Chemist: 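Have a look at this one before I ask anything.
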Amino acid sequence: MNAKGDRLEYARKPSAGWYRVIRGFFWLVFHTIWPLKILGLEHVPRRGAAIIVCNHLSMVDPFVVGYASDRMVNFMAKEELFRVPVVGFLIRKVGAFPVDRARRDPASMRVALLVLKDDELLGMFPEGTRSTTGDMLELRTGALRLASRTRTPIIPAAVINTDHALPPGHSVRPARIAVRFGPPLELTALYDQPKDPAAMQDALAVIKDRIEDLHRT
């Protein structure tokens with residue numbers, strides 16, 4: 001798909017009306033079954049582009065981060081979810097778009113660039129999949145490549161206890177959960193040397209350390 005096609009497809013998916021409906025549903029969930037504590041919201045910009053990068057413990061994580069951010073967050077999500085009846089329809093309506101995790105996916109990166117160009121929030125889970133141990137997996141480079149290309153700040157975030165609320169392979173369980181946002185990261189060294197493997201690895205280490213600190217605090 002060309003860039004124009006990506007823009008038309010992306011523009012067709014988000015819906016302010018559906019966003020309000022789904023946000024209202026999760027307001028109820030996060031005040032009853034999963035009481036949600038939101039920390040560091042002041043670090044999420046009220047306007048303008050930013051990339052929120054977060055650890056990944058449960059399928060509910062995108063809804064937790066999106067609700068807590070108080071702005072629509074356009075999440076890059078595994079393409080398999082878009083084939084699930086109802087789920088695929090709803091996540092498209094709140095700005096999610098598919099990515100093929102098994103290979104490089106230029107189309108999803110083009111859509112991500114359009115999100116940032118439109119001064120929206122982009123959400124990514126750089127581990128690429130959920131952690132089953134609670135410890136972070138190694139991070140992929142997609143968020144960094146987008147940040148270096150667009151000079152967009154990265155907002156580190158950590159979800160806490162969501163693996164108890166909806167464990168992989170299990171049903172919903174009552175739990176107190178939290179999400180904590182950290183100060184934006186301006187990775188200027190990476191911006192100046194976007195193709196330097198050492199600069200990339202250093203930036204990945206900074207992001208992983210920051211998310212782990214937020215999860216422990």
Side-chain angles (χ1 to χ4, degrees), residues 6-7 10-11 13-20 22-24 26-27 30 36-56 60-77 91-97 99 108-127 139-160 162 177-192 194 200 203-215 217:
D6 288 337
R7 175 174 287 278
Y10 163 64
K13 294 173 187 173
S15 163
W18 274 103
Y19 173 78
R20 289 192 292 270
I22 294 170
R23 183 175 175 80
F26 277 101
W27 182 93
F30 295 143
L36 172 62
K37 188 173 185 178
I38 303 169
L39 302 162
L41 182 58
E42 67 273 14
H43 299 306
V44 180
R46 301 297 299 174
R47 60 183 61 84
I51 304 171
I52 298 176
V53 296
C54 188
N55 63 323
H56 198 8
V60 76
D61 294 342
F63 298 103
V64 173
V65 176
Y67 179 89
S69 300
D70 211 23
R71 284 177 63 188
M72 185 183 290
V73 181
N74 301 270
F75 277 98
M76 188 180 286
I91 61 177
R92 285 179 187 275
K93 293 303 181 183
V94 293
F97 57 95
V99 60
S108 68
M109 295 298 282
R110 286 197 298 270
V111 176
L113 287 169
L114 290 170
V115 170
L116 299 175
K117 184 177 180 180
D118 288 343
D119 286 332
E120 300 291 338
L121 292 179
L122 175 66
M124 299 181 72
F125 296 101
E127 294 166 277
L139 306 188
R140 300 186 181 188
T141 61
L144 281 180
R145 289 188 283 117
L146 287 166
S148 64
R149 183 169 174 178
T150 60
R151 293 182 174 259
T152 301
I154 286 179
I155 312 294
V159 288
I160 300 162
T162 57
I177 62 177
V179 59
R180 181 179 284 110
F181 300 100
L185 298 172
E186 296 281 0
L187 302 169
T188 53
L190 181 67
Y191 300 160
D192 295 336
M200 182 72 73
L204 286 175
V206 168
I207 292 172
K208 186 176 181 181
D209 287 347
R210 192 66 56 86
I211 295 174
E212 288 176 335
D213 286 345
L214 291 168
H215 190 257
T217 303

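Below, all heavy atoms of this structure are taken into account, side chains as well, without hydrogens, waters or symmetry copies. Predicted, not measured: the structure shown is a model, and the values here were computed from it.
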Chemist: I'd like to check Val179 versus Leu39 (side-chain heavy atoms, cut-off strictly below 4.5 Å). Are they in contact?
Modeler: no
Chemist: Which atom pair, heavy atoms only, marks the closest approach of Arg46 to Arg71?
Modeler: O-CD, 3.5 Å
Chemist: Any side-chain heavy atom of Thr150 sitting closer than 4.5 Å to one from Lys117?
Modeler: no
Chemist: Take Phe26 and Tyr67 through the ring pair (Phe, Tyr, Trp, His ring centres under 6.0 Å) test and state the conclusion after the steps.
Modeler: CA-CA 7 Å; Phe26 277 101; Tyr67 179 89; 7.6 Å; no
Chemist: Could you tell me whether the side chain of Phe125 reaches within less than 4.5 Å of the side chain of Asp61, counting heavy atoms only?
Modeler: yes
Chemist: So if I apply the side chain to side chain contact (heavy atoms under 4.5 Å, CB included) rule between Leu204 and each of Asp209, Leu144, Leu187, which one comes out positive?
Modeler: Leu144
Chemist: Could you go step by step and tell me if Ile207 and Leu139 meet the side-chain contact (heavy atoms from CB on, under 4.5 Å) rule?
Modeler: CA-CA 9 Å; Ile207 292 172; Leu139 306 188; 3.9 Å; yes
Chemist: Kindly give the heavy-atom pair with the smallest separation between Arg140 and Glu127, and that separation in Å.
Modeler: NE-O, 4.1 Å
Chemist: Can you tell me how far the NE2 atom of His215 sits from the CD1 atom of Ile160, to the nearest 0.5 Å?
Modeler: 5.5 Å
Chemist: Answer whether the closest heavy-atom distance between the side chains of Lys37 and Ile177 falls below 4.5 Å.
Modeler: no
Chemist: Output the distance between atom CG (Leu122) and atom CG (Leu114), rounded to the nearest 0.5 Å.
Modeler: 11.0 Å
Chemist: Any idea which heavy atoms bring Leu121 and Gly48 closest together, and the distance?
Modeler: CD2-O, 4.2 Å
Chemist: Any Lys/Arg nitrogen of Arg180 or Asp213 sitting under 4.0 Å from an Asp/Glu carboxylate oxygen of the other?
Modeler: no
Chemist: Centroid-to-centroid, Phe97 to Phe75, below 6.0 Å?
Modeler: no
Chemist: I want to check something: taking the side chain as every heavy atom from C-beta on, are Arg23 and Asp70 in contact at a cut-off of under 4.5 Å?
Modeler: yes
Chemist: Minimum heavy-atom separation for Ile155 to Ala50, with atom names?
Modeler: CG1-CB, 4.0 Å
Chemist: Nearest heavy-atom pair of Met72 and Val94: which atoms, and what distance?
Modeler: CG-O, 3.6 Å
Chemist: Quick one: OG on Ser148 to CE on Met200, what's the gap to the nearest 0.5 Å?
Modeler: 5.5 Å
Chemist: Is the closest side-chain heavy-atom distance between Val159 and Cys54 below 4.5 Å?
Modeler: yes
Chemist: Is any side-chain heavy atom of Phe181 less than 4.5 Å from a side-chain heavy atom of Ile38?
Modeler: yes
Chemist: Which pair of non-hydrogen atoms, one from Pro156 and one from Leu185, has the smallest distance, and what is that distance?
Modeler: CD-CG, 4.2 Å
Chemist: Under 4.5 Å between any side-chain heavy atoms of Leu146 and Ile51, yes or no?
Modeler: yes
